[in-house]
Amino acid sequence: MFNKVLIANRGEIAVRIIRACRELGLIPVAVFSEADRESLHVRYAEEAYYLGPSPSRESYLRGDKIIQIAKTCGAGAIHPGYGFLAERDDFALQVEEAGLIFIGPRPSAITAMGDKAVARATVTAAGVPVVPGTEGEGNLTDEEIIAVAPQIGFPLLIKATAGGGGKGMREVQNIEELPNLISAARREAEAAFGDGNVYLEKLLLDVRHIEFQILADEHGNVIHLGERECSLQRRHQKLLEESPSPFLDEELRQRMGEVACKAAQAVDYLNAGTIEFLVDKDQKFYFLEMNTRLQVEHPVTEMVTGIDIVKEQIRIARGRKLRSSQEDIRLKGWAIECRINAEDPYNSFLPSTGIITQSILPTGPGIRVDTGIYAGFAISPFYDSLISKLICWGETRGEAILRMRRALEEYRILGVKTNIPFHQNIIASHRFMAGQFDTRFVEERFSMNNSEEGKEELAKIAAIMATLVEHRHHQKASQIFRKSERDTSNWKWLGRWERVNR
Amino acid sequence: MFNKVLIANRGEIAVRIIRACRELGLIPVAVFSEADRESLHVRYAEEAYYLGPSPSRESYLRGDKIIQIAKTCGAGAIHPGYGFLAERDDFALQVEEAGLIFIGPRPSAITAMGDKAVARATVTAAGVPVVPGTEGEGNLTDEEIIAVAPQIGFPLLIKATAGGGGKGMREVQNIEELPNLISAARREAEAAFGDGNVYLEKLLLDVRHIEFQILADEHGNVIHLGERECSLQRRHQKLLEESPSPFLDEELRQRMGEVACKAAQAVDYLNAGTIEFLVDKDQKFYFLEMNTRLQVEHPVTEMVTGIDIVKEQIRIARGRKLRSSQEDIRLKGWAIECRINAEDPYNSFLPSTGIITQSILPTGPGIRVDTGIYAGFAISPFYDSLISKLICWGETRGEAILRMRRALEEYRILGVKTNIPFHQNIIASHRFMAGQFDTRFVEERFSMNNSEEGKEELAKIAAIMATLVEHRHHQKASQIFRKSERDTSNWKWLGRWERVNR
Amino acid sequence: MKYVASLGGQEVEIEINGEDEIIVDGERYAIDFRSIAGQPVYSLLINGRSYEALVQLSEEGSEVLLQGQLFLISVDDERQRRLRQTSGPQLTERGEFHLKSPMPGLIISVSVREGQEVARGDRMIILESMKMQNELKSPRDGIIRSLRVKSGDNVEHHQVLLTVG
Amino acid sequence: MKYVASLGGQEVEIEINGEDEIIVDGERYAIDFRSIAGQPVYSLLINGRSYEALVQLSEEGSEVLLQGQLFLISVDDERQRRLRQTSGPQLTERGEFHLKSPMPGLIISVSVREGQEVARGDRMIILESMKMQNELKSPRDGIIRSLRVKSGDNVEHHQVLLTVG
């Protein structure tokens with residue numbers, strides 16, 4: 001059985017997996033690109049190997065090199081994290097063929113769920129309801145897609161068959177804009193996954209995105225760890241997740257959980273995975289897709305169930321039985337995660353790069369931070385903009401929200417712009433507090449300048465602070481000016497030098 | 001009922017209490033000394049008021065000023081934290097007399113437990129076993145103490161009657177050294193508590209320090225939240241605490257918990273408090289003292305019980321009933337706290353002061369940090385050396401230890417020396433892992449250079465790193481030298497200036 | 001020293017006389033103001049209230065990020081203010097606008113050509129960075145005066161991509 | 001460049017030729033070595049193993065704090081080493097020792113006087129700082145040559161308190 005694990009990833013998730021390895025007494029091995037030599041995952045690993053230049057294609061997507069390194073250093077298993085190679089069935093297969101263990105599902109399950117079109121067909125056959133969309137298996141041409149679109153009806157979504165994380169996705173309002181958007185989606189999908197195939201899905205409105213965390217072992221046990229509410233998205237990127245969902249009751253949770261386990265069983269699923277659903281206001285739910293990997297938002301489930309999902313992944317990969325049965329799983333309290341991205345919420349969420357000059361973390365009871373950054377680290381433009389995850393637990397949703405509010409206010413990241421103010425505004429919005437939102441909320445009904453409470457008082461304080469800062473700048477500037485006028489020390493020194501050398 | 005709370009403290013505990021207030025929707029008010037203007041408790045509070053110069057006597061011990069500030073700003077309650085005014089019955093009384101609520105026990109309970117001699121008499125009357133020592137109530141003269149010492153027998157302990165935190169405490173081996181040590185203890189007690197009274201207690205060897213957390217409300221309910229193991233001490237200062245204790249079984253826990261509640265009831269106790277016991281190897285236990293306040297180490301109890309003790313304190317002070325009964329309290333998993341002090345474990349634990357140049361916190365699942373520092377903050381010599389508390393939770397003691405090990409290795413505090421290496425060595429010691437230690441372990445049987453495993457390999461790596469650093473310094477120095485030889489830009493500029501002005 | 005701080009339509013008159021007192025719209029406040037850890041983060045105690053904000057000077061004024069709200073504030077002293085009041089309407093809507101790259105990245109597509117008329121909000125360039133495609137739009141109506149990049153170019157932060165005249 | 005690093009009794013021969021390779025006791029290692037974030041924290045990758053240490057140069061050599069262990073290491077290049085080998089016994093046990101205050105604080109008591117003989121380990125001064133009393137002891141046998149403080153004095157970090165000759 002393996003005792004050394006290579007982590008084929010970077011950033012916060014690589015750090016997360018390294019920690020799980022260390023806490024299980026296993027040896028964590030990091031790989032890194034040129035830009036990441038000084039990143040935390042390299043610093044925290046027991047061993048670290050250089051992969052290649054900074055672009056992912058030359059480093060974190062180089063499955064061949066990664067397998068070679070694992071074999072050379074004696075790592076018996078590879079954990080892919082999320083993104084990069086995590087949902088590439090060819091990579092999982094190559095890992096197996098190299099005699100190593102892939103910490104994740106079997107390649108066949110990745111294949112089945114990875115082609116979103118195949119996945120839809122498979123779970124439909126198992127009796128799981130799906131969102132209406134293009135039928136049959138992938139590799140549709142532009143012409144085929146354009147032909148079938150009117151039957152599904154507008155608005156609809158173009159999605160990458162190899163997709164995930166909102167990449168290669170486009171919303172389409174009418175047939176005219178379809179061709180251009182297909183090209184754009186294919187281009188982005190090709191860049192992100194090395195696969196430009198896309199398919200169509202009906203764009204459901206007034207729905208929530210709710211997903212179920214699944215664990216499955218080699219011994220036929222499949223359980224779910226309850227749901228995560230992920231409706232707060234922007235451009236199909238999740239921004240804030242919570243568990244449980246304020247929208248589900250125990251009866252619906254149980255029904256959806258059972259369907260989720262059924263969907264996983266339909267592809268003979270192994271290890272951790274997530275079944276994503278859309279749920280409409282009548283509590284009807286539709287299978288959206290399965291993510292055959294660890295999710296960014298897994299910590300909220302860990303906080304409410306007490307189960308360490310990454311450690312469970314490793315235990316399952318070692319052939320162990322699940323330590324909990326479905327009856328053991330209880331959701332205790334409430335957890336919320338805010339994804340902290342290096343992007344400017346006041347300027348169209350444009351990514352922000354630079355060197356972190358200060359990082360003061362919120363700490364204290366009920367707070368968890370998963371991050372890969374520190375003061376002095378450079379945020380490069382090569383990878384995605386997620387730099388930290390702030391997770392708060394509370395006995396109730398109310399307590400979790402209040403805790404998140406104070407934690408966001410405490411969190412100081414300087415050197416790049418972050419979306420912390422976005423989260424502060426979301427958390428303070430009445431609709432969020434009341435649990436009244438859907439997947440369109442952020443884009444259609446949310447504004448950064450929503451909260452009016454005490455705004456005038458704050459504006460006055462801001463004006464005072466700006467004035468005090470400018471006043472100081474003026475004073476400082478005039479002092480420097482005066483100083484240099486008076487500063488004759490160089491001339492004195494020169495005078496002496498001349499006398500000495502005369 | 002109050003909705004604004006003044007926190008009469010500084011550092012991590014002030015931050016801790018501010019957070020509890022914010023999460024309960026109450027307004028936290030900070031007070032600060034000159035040295036603390038830029039400290040986190042001032043930055044995080046809603047309001048902050050200047051108390052006085054840096055020495056505690058002129059700031060954090062100025063009860064009169066603090067009460068005045070509370071009245072002026074409209075705070076309805078004062079939370080004293082630990083240390084400073086927390087166990088001063090006169091202060092608690094003045095708070096009450098000013099019409100404010102003291103978040104803690106009634107003044108009479110502080111009086112009864114605060115004079116350690118009175119406390120011993122009180123609990124003895126209630127049938128609680130105590131450590132043998134001087135009988136009767138305080139204010140003993142040096143002569144009285146010296147006269148009674150031989151009856152108790154050596155070795156013994158001089159303790160401050162107003163004591164706590166190991167201050168004003170001295171071990172005495174024989175009668176000859178007694179007079180000098182009494183003076184030293186009185187001096188330290190006077191400095192720390194403003195009260196130089198001391199008493200004697202038999203120094204029990206081969207014992208553990210185990211304490212029970214108590215909560216009591218106004219409605220007659222008294223419960224305990226299980227024990228904390230605090231045997232790892234140096235000069236009677238706790239360094240590492242855990243909950244539960246590896247030494248207690250369920251039967252003993254229940255017996256001691258009941259006695260602890262009885263001791264609290266003996267003084268009609270209200271709010272949070274701690275009953276300290278010494279437990280010998282035959283499971284006999286002795287009441288040591290009661291701390292009538294929040295403890296530094298309260299987080300380990302919070303981690304295993306899920307109860308937020310500071311919030312409970314505030315709820316109790318608002319007249320609420322306890323939300324849990326004794327049967328609801330279950331210890332889940334294991335928690336360990338390492339007190340991170342600014343002191344040099346390689347140089348007699350001398351305190352270290354300076355500006356923090358970097359602080360990289362360990363993060364991730366099961367980690368909690370309570371701290372008042374950040375990069376850029378100055379550690380001054382005025383207050384005690386505790387700068388951070390690192391708390392790890394695990395499903396088992398083994399997991400908590402492995403997690404603490406990785407967290408200590410991740411933790412980077414630069415600018416001052418810290419005792420992190422001390423904790424790393426403790427955590428790695430076989431005796432700690434096996435749970436085999438007592439209150440004398442750190443001082444008598446522990447050494448910083450204990451661990452021999454892989455030491456030679458590490459030494460080689462250290463030698464390589466030292467050499468690489470010195471090599472770089474040499475190279476840099478010679479480059480600067482060469483550069484300044486060649487650097488003629490000033491002379492050129494001067495030449496031009498002369499030409500222009502000729 | 002007297003200042004006028006403007007934000008949105010609002011104006012605040014602030015007089016700074018010493019280190020620990022200011023007069024705001026005629027009212028006196030005790031203050032304690034300082035920057036924290038050498039960063040552009042400032043802590044203000046004002047009549048006992050504790051505030052902390054990130055304050056950054058930019059070309060258009062001061063950006064103040066306070067409790068999750070961003071305020072754009074321009075501060076003038078009395079002399080500047082009088083000058084400005086007599087100098088007539090601003091020329092910002094007339095001068096040339098240089099579109100600078102907001103971050104390093106790759107030009108995915110350019111949907112304008114030199115000489116073309118553009119309206120405010122028109123998409124001009126798609127820039128890829130951090131695996132996301134970002135649309136750069138025109139901030140006002142005008143004509144593309146000079147176009148300095150093409151699809152496939154790698155660009156630096158702050159590099160001028162085109163000019164709208 | 002060839003160096004010899006000594007710690008305890010042990011000596012390690014280290015040859016540094018380029019940026020990415022060293023020879024340690026005759027064995028070749030691939031390395032990648034850098035300081036992190038401008039701090040005296042260094043990350044070393046050596047044949048794939050990742051180590052991180054705090055390395056600080058002091059008067060007596062380099063202090064390396066690595067995985068909770070402190071190593072005191074003196075590094076000589078070949079020339080220095082030959083010089084030292086021929087210069088005979090060190091004088092450290094003979095020269096004057098200046099007791100410097102390890103931190104700012106208050107002198108609580110001074111238990112020696114000028115001209116007094118002291119033995120290694122004798123308590124000389126009690127210094128209070130951070131609410132703790134700390135004993136400062138003599139590092140060797142000798143005579144108190146000059147005593148510069150008295151009980152009640154406030155002292156600075158590194159201030160010389162007395163000299164043992």
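Each chain gets a letter, A, B and so on, in the order the sequences are listed, and its residues count up from 1. Keep in mind that what you see is a predicted model, and the values were worked out from it rather than measured.
Proximity to chain A (any heavy atom under 4.5 Å) is shown, for C:L127, by neither the backbone nor the side chain. For C:I46, the part lying under 4.5 angstrom from a heavy atom of chain A is the side chain only. When heavy atoms are compared at a cutoff of 4.5 Å, A:I379 approaches chain C solely by way of its side chain, counted from C-beta outward. Residue contact with chain A, scored on non-hydrogen atoms closer than 4.5 Å, involves the backbone and the side chain of C:L70 alike. The contact between C:E19 and chain A is made entirely by side chain atoms (from C-beta outward), counting heavy-atom distances below 4.5 Å. Residue contact with chain C, scored on non-hydrogen atoms closer than 4.5 Å, involves the backbone of A:S380 exclusively. For C:L66, the parts sitting under 4.5 Å from any heavy atom of chain A are the backbone and the side chain alike.
Shown here for A:I340 and A:N419, the closest heavy-atom pair between the two residues is CA-OD1, 3.3 Å. In this structure, A:G415 and A:T357 approach most closely via the heavy-atom pair N-OG1, 3.6 Å. When every heavy atom of C:D141 is checked against every heavy atom of C:V164, the shortest pair comes out as O-CG1, 4.5 Å.
A side-chain donor-acceptor contact under 3.5 Å links A:S59 to the backbone of A:P53.
Relative orientation of the A:H471 and C:Y3 rings is perpendicular, given thresholds of 30° and 60° on the angle between their planes.
Within a 6.0 Å sphere centred on CD of A:Q173, other residues, nucleotides and ligands contribute more than 12 heavy atoms.
Of the listed residues A:P351, A:A463, A:S385, A:A342, the one with more heavy-atom pairs under 4.5 angstrom with chain C than any other is A:P351. In terms of non-hydrogen atom pairs under 4.5 Å with chain A, the most contact-rich of C:E52, C:H157, C:E63 is C:E52. In terms of heavy-atom pairs under 4.5 Å with chain C, the best-connected choice from A:D344, A:L408, A:I464 is A:I464. For the set C:A53, C:G68, C:G38, the count of heavy-atom pairs under 4.5 angstrom toward chain A peaks at C:G68. Of the listed residues (A:R412, A:H423, A:R187), the greatest number of heavy-atom pairs within a distance under 4.5 Å of chain C belongs to A:R412.
Between C:Y42 and C:Y51, the gap from one ring centroid to the other reaches at least 6.0 Å.
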Show, in sequence, the C-alpha distance, side-chain angles and deciding distance for A:I426 and A:V442, and conclude whether the side-chain contact (heavy atoms from CB on, under 4.5 Å) test is met. CA-CA 8 Å; A:I426 280 278; A:V442 172; 4.1 Å; yes
